Amino acid sequence: MTWSTGLAGLTAGLLIAVVTAPVGVSGAVFLLPVQLSVLGVPSPAVTPTNLLYNVVAGPGALLRHHREGLLHSALTRRLVAGTLPGVVIGAVVRVFAVPGATAFRLLVAALLMPLGLWLIGRTIRPTRPAPAAEPSPRTITGLSLVVGVVGGIYGIGGGSILGPVLVGRGMPVARVAPAALASTFATSVAGAAAFALLSLTGSGDIAPDWHLGLACGLGGLVGGYLGACLRPRLPETALRLLLGVLAAVLGALYAVQSLR
């Protein structure tokens, strides 16, 4: 890795984390296209490199949330219980089955773009009826398991999917964000370790790009802490709008990439 590539990764990680951390998104899902298109990380090594970014960047935002007493919640435990085994399954699938990226991009686009637009519309013009009932604990754990598998396959933390879904079901962003980030961190540690072990038995670019992952992660570490500091200063309406915009933009980005 050249110094210019490392600096680019550091800067990208910092800027992305500042914007995404306040709403419980690690930023890895936005870093993925940067690694592929700009930094030239090969596949499937881009997946564990993204997970390594989460491992290094995660403690910044988590430290801030811990100081505010927001991490020790039932929601955090349920998300971790589902995503942790899911990410290991996803890592095995990624190495040995290697599903096509196009199908994944279309799936993400079909889910996040309308969900993001719906969140934006609902925030700008709220309705009077009672808010939707929160998902049951079993539903949350099941959804987390599915998201964990997807995270293991494609190297995303899952907060970009779990956040909009849970907030759309009536949960406040201030409650969802710390739990989603904690789940992302725990599953990224397990996923990166799984890929490192699988690289010992497989061939090709399976292991993470350690230097670039660390460079991106250091930027995310600082950016995540700054973003978590911003969250209490932003009203719930602004946070919901930010989450909706991030989801819609990400969905549109993957839709365009899948058509290429």
Side-chain angles (χ1 to χ4, degrees), residues 25-36 39-59 76-112 138-163 165 179-214 216-217 220 250 254 257-258:
V25 179
S26 73
V29 71
F30 289 96
L31 188 63
L32 185 64
V34 174
Q35 289 193 61
L36 287 172
L39 302 178
V41 180
S43 182
V46 66
T47 296
T49 303
N50 236 26
L51 292 173
L52 179 60
Y53 161 81
N54 284 338
V55 172
V56 179
T76 300
R77 292 190 291 272
R78 289 170 192 146
L79 294 186
V80 172
T83 54
L84 201 54
V87 73
V88 177
I89 297 172
V92 174
V93 172
R94 181 68 173 100
V95 172
F96 294 105
V98 194
T102 300
F104 163 72
R105 289 168 178 161
L106 286 173
L107 178 63
V108 171
L111 173 66
L112 290 185
R138 182 176 297 180
T139 300
I140 291 175
T141 303
L143 175 63
S144 301
L145 177 63
V146 174
V147 170
V149 173
V150 174
I153 295 173
Y154 296 102
I156 63 174
S160 57
I161 298 176
L162 287 171
V165 172
L181 285 173
S183 170
T184 294
F185 176 73
T187 54
S188 295
V189 171
F195 272 99
L197 291 174
L198 289 169
S199 68
L200 301 177
T201 61
S203 59
D205 298 303
I206 298 176
D209 185 327
W210 296 99
H211 295 95
L212 182 59
L214 289 173
C216 294
L250 179 62
Y254 274 81
Q257 289 184 338
S258 67

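Keep in mind the model is a prediction, meaning the values are calculated, not measured.
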Test of understanding: with side-chain contact (heavy atoms from CB on, under 4.5 Å), list the residues that count as partners of Ala81, not counting sequence neighbours. none

In Å, rounded to the nearest 0.5 Å, how long is the span from CG of Leu79 to CG of Leu84? 11.5 Å

What residues, two or more places apart in sequence or in another chain, satisfy side-chain contact (heavy atoms from CB on, under 4.5 Å) together with Val34? Ala12, Leu31, Val38, Leu39

Might you point out which heavy atoms bring Ala186 and Val80 nearest each other, and give the distance in Å? CB-CG1, 4.2 Å

Scanning both residues in full, the closest heavy-atom pair of Leu145 with Pro85 reads CD1-CG, 4.1 Å

To the nearest 0.5 Å, how far apart are CG in Asn50 and CD in Gln35? 4.5 Å

Closest non-hydrogen contact found for Thr76 with Ala182 is CG2-CB, 3.7 Å

Can you list the steps and then say if Leu212 with Val41 is a side-chain contact (heavy atoms from CB on, under 4.5 Å)? CA-CA 9 Å; Leu212 182 59; Val41 180; 3.3 Å; yes

Shortest non-hydrogen contact between Val56 and Gly217, atoms and distance: CG1-C, 3.5 Å

Side chains of His211 and Asp209: does their closest heavy-atom pair fall under 4.5 Å? yes

Residues passing the side-chain contact (heavy atoms from CB on, under 4.5 Å) test with Pro59, sequence neighbours excluded, are Phe185, Leu221

Work out which heavy atom in Leu51 is nearest to a heavy atom in Gly191; give both atom names and the distance. CD1-C, 3.6 Å

OG-CD1 distance between Ser183 and Ile140, expressed to the nearest 0.5 angstrom: 11.5 Å

Which residues pass the side-chain hydrogen bond (donor to acceptor under 3.5 Å, both in side chains) test with Thr141, not counting sequence neighbours? none

In this structure, which one of Thr139, Thr83, Thr187 forms a side chain to side chain contact (heavy atoms under 4.5 Å, CB included) with Ser144? Thr83

side-chain contact (heavy atoms from CB on, under 4.5 Å) partners of Leu143, counting only residues at least two apart: Val147, Leu162, Val165

